[in-house]
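What follows is a short report on a single structure.
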Amino acid sequence: MPGRGLFITLEGGEGAGKTTLAAALAARLRKDGREVVTTREPGGTENAEALRALLVTGDPGRWSAVAEALMMFAARTDHVEKLIRPALERGAVVICDRFTDSTRAYQGAAGGLSPERIGAIEDAALDGFGPDLTLIVDLDPAVGLARTEGRQSGETRFERKPQTFHENLRKAFLDIAKAEPDRCVLLDGASSPEALADAAEAAIRARLETLA
C-alpha cells in the first residue's frame, strides 16, 4: 500500500486485552508483507514516554482531569508528529494501544472534564487528525481489573481509581462505539484471545478493502 497507510486504534478499559490483541494483529498482517508499526499511548516516542511516567504512576489523585488531558495531548502531538504520521506516509499500518477516545473516556466521562474542553484541546493539538478504524474491546470492569492484579510495572495509577470510575469508563467507550459506528467496531473482550483476534482481523480487512 505505497503512499496509503491505515491508522488503527485499540480502546477499552483496564485489563481488556488490548496489548495482546495488538501483537496478534501485527503478526497476522505482517504475513501479508505489510509494514506494521505497533505503539501505545501515552508513549511511543522519547518525549511521550517521559510524560507517561508522570501520568500512570503515583497516587491516583495526583493530577486533575484537565492537567491529565493537557499532558495526554502534549504526548499525543509528539507521538503523531514523530512516529504515527511518518509511518502512515510510508504506507504502513499503525496499530496504537489507546488514542483520543481514551482521553474522552478517562479524563472526560469518568474524570468529569466536559466534551467541549476536550474538543478544544484536541482541535488545537491534532487539527482533525484521527484514526481510520477504532476497535473497542468491551469487558466487565471487575474482570479486567482482576486481570491486572500482580502487574510489576508500577503503572497502576488508573487501576487504583474507584470502581465507579471504571464503570463510567465502560459506559463511555460503549457510548463512543454507538455514536460513531462508521469508525468504531465493538469487540467482546470476554472471548478467547484467538476469537478476539479473529474478529478484529475481520474488521481490519474489511476496512482495507474499502481503501483498496
Side-chain angles (χ1 to χ4, degrees), residues 1-12 16-57 67-108 118-137 153 155 173 176 180 182-185 187 197 200-212:
M1 292 173 57
R4 170 177 270 186
L6 182 70
F7 183 30
I8 303 163
T9 55
L10 308 182
E11 297 286 2
K18 297 179 285 74
T19 302
T20 300
L21 178 59
L25 290 173
R28 293 182 183 208
L29 293 171
R30 285 175 182 139
K31 289 181 179 178
D32 294 344
R34 300 182 185 276
E35 179 189 358
V36 182
V37 175
T38 58
T39 187
R40 68 177 183 176
E41 289 214 341
T45 63
E46 182 178 355
N47 290 337
E49 289 290 338
L51 286 169
R52 178 186 180 87
L54 295 173
L55 284 159
V56 300
T57 62
E68 287 178 355
L70 289 168
M71 285 189 285
M72 290 289 186
F73 274 107
R76 186 165 295 137
T77 300
D78 194 73
H79 192 197
V80 169
E81 291 175 351
K82 294 179 180 177
L83 190 150
I84 295 173
R85 199 186 295 275
L88 294 173
E89 290 173 352
R90 294 195 305 270
V93 175
V94 178
I95 301 173
C96 187
D97 185 345
R98 299 198 183 282
F99 201 67
T100 301
D101 290 316
S102 278
T103 304
R104 294 180 182 129
Y106 277 73
Q107 285 74 48
I118 292 176
I121 300 169
E122 179 182 358
D123 289 344
L126 299 183
D127 193 26
F129 179 83
D132 299 300
L133 175 66
T134 297
L135 306 175
I136 297 179
V137 185
S153 66
E155 297 184 348
F173 283 122
I176 290 168
E180 299 188 56
D182 291 339
R183 173 174 68 87
C184 300
V185 175
L187 303 174
E201 182 183 6
I204 292 170
R205 294 198 182 282
R207 187 54 54 97
L208 286 169
E209 287 180 4
T210 68
L211 296 176

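Starting from 1, each residue takes its place in the sequence as its number. A quick note: this is a predicted structure, and the numbers were derived from the prediction, not measured.
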- Intermediate values then yes/no, side-chain contact (heavy atoms from CB on, under 4.5 Å), L10 and V137: CA-CA 7 Å; L10 308 182; V137 185; 5.6 Å; no
- Message: Would K18 and I136 count as a side-chain contact (heavy atoms from CB on, under 4.5 Å) here? Give the steps.
- Response: CA-CA 9 Å; K18 297 179 285 74; I136 297 179; over 6 Å; no
- Message: For the CG atom of L25 and the OG1 atom of T20, what is their distance to the nearest 0.5 Å?
- Response: 11.0 Å
- Query: With a 4.5 Å limit on heavy-atom distance, are the side chains of R85 and E81 in contact?
  - Reply: no
- Measure the spacing between CD of E11 and CD of E41 and express it to the nearest 0.5 Å. 8.5 Å
- Heavy-atom pair with the smallest gap, counting every atom of F173 and R98: CZ-NH1, 4.0 Å
- Query: Got a second to check how far L51's CG is from M72's CE, nearest 0.5 Å?
  - Reply: 9.5 Å
- At their closest point, which heavy atom of I84 faces which heavy atom of V94, and how far apart are they? O-CG2, 4.2 Å
- Sub-3.5 Å donor-acceptor pair from the side chain of E49 to the main-chain atoms of G44, do we have one? yes
- Task: Could you tell me which non-hydrogen atom of T38 sits nearest to which non-hydrogen atom of A26, and how far apart they are?
- Result: CG2-CB, 3.6 Å
- Going by heavy atoms in the side chains, are R90 and V37 under 4.5 Å from each other? yes
- Message: Quick check on D127: does its CG atom have over 12 non-hydrogen neighbours (other residues, nucleotides or ligands) under 6.0 Å away?
- Response: no
- Query: Is the backbone N or O of D132 less than 3.5 Å from a side-chain atom of R207, with the two atoms forming a donor-acceptor pair by type?
  - Reply: yes
- Note on the structure: Rounded to the nearest 0.5 Å, the CG atom of D101 sits from the OG1 atom of T9 at a distance of 6.0 Å
- Message: Run E68 and Y106 through side-chain contact (heavy atoms from CB on, under 4.5 Å) and show every step you take.
- Response: CA-CA 9 Å; E68 287 178 355; Y106 277 73; 5.7 Å; no
- For residues L135 and A203, report the shortest heavy-atom separation together with the two atoms involved. CD2-CB, 3.9 Å
- Query: Do I121 and Q107 have side-chain heavy atoms sitting under 4.5 Å apart?
  - Reply: no
- Query: Side chain of R52, backbone of P42: donor and acceptor closer than 3.5 Å?
  - Reply: yes
- Query: Could you go step by step and tell me if T134 and I176 meet the side-chain contact (heavy atoms from CB on, under 4.5 Å) rule?
  - Reply: CA-CA 10 Å; T134 297; I176 290 168; over 6 Å; no
- With a 4.5 Å heavy-atom cut-off, do I95 and L29 have their side chains touching? yes
- CG (L55) and CE (M71) are apart, to the nearest 0.5 Å, by 4.5 Å
- Note on the structure: Correct closest heavy-atom pair for F73 and A125 would be CD2-CB, 3.9 Å
- Message: Test: ring pair (Phe, Tyr, Trp, His ring centres under 6.0 Å). Region: residues 25-55. Which pairs qualify, not counting sequence neighbours?
- Response: none
- Task: Begin from the C-alpha positions of E122 and R76 and carry the test salt bridge (charged side-chain N to carboxylate O under 4.0 Å, His left out) through to its verdict.
- Result: CA-CA 10 Å; E122 179 182 358; R76 186 165 295 137; over 6 Å; no
- Item | Distance-minimising heavy-atom pair for F7 and G130 | CD2-O, 3.6 Å
- Query: What distance separates L126 CG from D123 CG, expressed to the nearest 0.5 Å?
  - Reply: 8.5 Å
